[in-house]
Amino acid sequence: HGSETVAVCESYEWHGTAYTQSGNFLYALNDEHGCLQVDTLHLTVHHAVGTNERVIVCEPYSWHNAQYDVSGVYLYNYNDLHGCPCADTLHLRVTSQPELLLEEVINATCNQDNGSIKILPSGGTLPYRYVFQPSGVEAEFNHLAVGNYHLQMIDSIGCTAETEFSIENIIHQVNLVQVTDAHCGRADGRVEIAATGGFGVYSYQWVSPIVSDGPVAEQVAAGNYSVAVVDSNGCSLTLAFTVSDIPGPDACFYFSVSN
């Protein structure tokens with residue numbers, strides 16, 4: 001009777017038969033004297049299992065202590081822990097880096113959250129998603145409030161592009177230029193205002209009884225008033241003012257001279 005203990009890679013041939021799996025095997029035969037003989041095989045078969053990776057990147061990829069920056073299929077041959085030959089396979093696709101161009105920033109107006117941006121994304125691997133950093137909030141390109149923003153674009157494989165921008169508040173200013181008070185209870189006061197900034201043409205909405213469609217109001221009696229100035233975007237600012245009455249002497253005289 002014979003007994004063998006064997007450890008091999010992949011397969012082992014014994015008594016004319018190839019064995020590919022580990023196990024205990026028996027082989028019976030008659031010897032030259034016609035006696036039954038049983039041989040025993042204690043077999044361990046090691047199967048080398050290599051890896052098979054499929055990777056998409058936008059920058060050089062490190063694999064088995066080497067850098068790869070060109071798309072292709074790569075093999076790495078080595079012996080495993082049992083000394084069996086093994087091969088790892090890398091299917092590599094190298095894409096371009098995503099790019100994010102800020103095309104236009106539209107500022108907010110009239111203290112509202114109505115700023116917006118226009119961007120030009122390119123490169124990378126679609127689809128993209130956009131977040132504001134460091135908050136991580138999904139980006140919305142409209143209805144932006146005044147402030148400083150850091151926008152990050154992330155493609156489908158996690159490659160990023162970033163840009164920064166600021167939303168400012170565009171609003172007009174209304175100032176008093178001159179108030180000429182009324183005299184002696186008469187409606188002879190005058191008010192002049194000036195509007196700057198904002199958008200387009202201004203419209204003027206004077207409080208009754210003042211009648212004017214421009215920045216100057218005349219024939220104004222003493223009193224407290226206001227005027228709303230509206231720009232072309234519909235942004236309205238109201239300015240309050242007072243016209244005083246300058247009294248004359250105890251009696252006011254009006255002279256009429258006729259020929």
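Position 1 is the first residue of the sequence; numbering continues from there.
Every residue two or more places apart in sequence or in another chain that forms a ring-ring contact (aromatic ring centres under 6.0 Å, His included) with Y225 is listed here: F241. Under the salt bridge (charged side-chain N to carboxylate O under 4.0 Å, His left out) criterion, R93 pairs with no residue, sequence neighbours left out. Residues forming a side chain to side chain donor-acceptor pair (under 3.5 Å) with N114 (at least two apart in sequence, or on another chain): T109. Contacts of Y76 classified as ring-ring contact (aromatic ring centres under 6.0 Å, His included), with partners at least two apart in sequence or in another chain: H64, Y78. Looking at residues two or more places apart in sequence or on another chain, you find no salt bridge (charged side-chain N to carboxylate O under 4.0 Å, His left out) involving E99. For H91, the side chain to side chain donor-acceptor pair (under 3.5 Å) test picks out N52, with sequence neighbours left out. Taking W14 as the reference, nothing meets the ring-ring contact (aromatic ring centres under 6.0 Å, His included) condition, with sequence neighbours excluded. Residues passing the ring-ring contact (aromatic ring centres under 6.0 Å, His included) test with Y202 are H172, sequence neighbours excluded.
The side-chain heavy atoms of I117 and L151, taken from C-beta on, include a pair separated by under 4.5 Å. Side-chain contact between Q205 and V230 is present, with at least one heavy-atom pair separated by less than 4.5 Å.
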Next on the checklist: Assess the residue pair L90 and V73 against the criterion (side-chain contact (heavy atoms from CB on, under 4.5 Å)); give the C-alpha distance rounded to whole Å, side-chain angles, the decisive distance to 0.1 Å, and a yes or no.
Outcome noted: CA-CA 6 Å; L90 172 64; V73 179; over 6 Å; no
Checklist entry - Going through the checks in order, is the side-chain hydrogen bond (donor to acceptor under 3.5 Å, both in side chains) test met by Y149 and Q133? => result CA-CA 8 Å; Y149 294 88; Q133 295 294 352; over 6 Å; no
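In this structure, D181 contributes its side chain and S244 its backbone to a donor-acceptor pair below 3.5 Å. Here the side chain of S96 pairs a donor or acceptor atom with the backbone of G124 at under 3.5 angstrom. When atom types are taken as modelled, the side chain of S208 and the backbone of I210 share no donor-acceptor pair closer than 3.5 angstrom. Using a distance-only test at 3.5 Å, with no hydrogens or angles considered, no donor-acceptor pair links the side chain of D113 to the main chain of L144.
Identified under the disulfide bond (SG atoms under 2.5 Å apart) test for residues 37-70, with sequence neighbours left out: C58-C159. The ring-ring contact (aromatic ring centres under 6.0 Å, His included) analysis of residues 22-44, with sequence neighbours excluded, yields the pairs H15-Y27, Y19-F25. Counting only residues at least two apart or on different chains, the side chain to side chain donor-acceptor pair (under 3.5 Å) pairs with a member in residues 230-242 are N224-T242.
For the 3.5 Å distance criterion, the side chains of Q37 and D39 qualify, holding a donor opposite an acceptor.
There is a path of hydrophobic side-chain contacts, each under 4.5 Å, that joins V55 to V94.
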Got a list of side-chain donor-acceptor pairs under 3.5 Å for residues 100-108, not counting sequence neighbours?
| unit_1 | atom_1 | unit_2 | atom_2 | d |
| --- | --- | --- | --- | --- |
| N107 | OD1 | E168 | N | 2.8 |

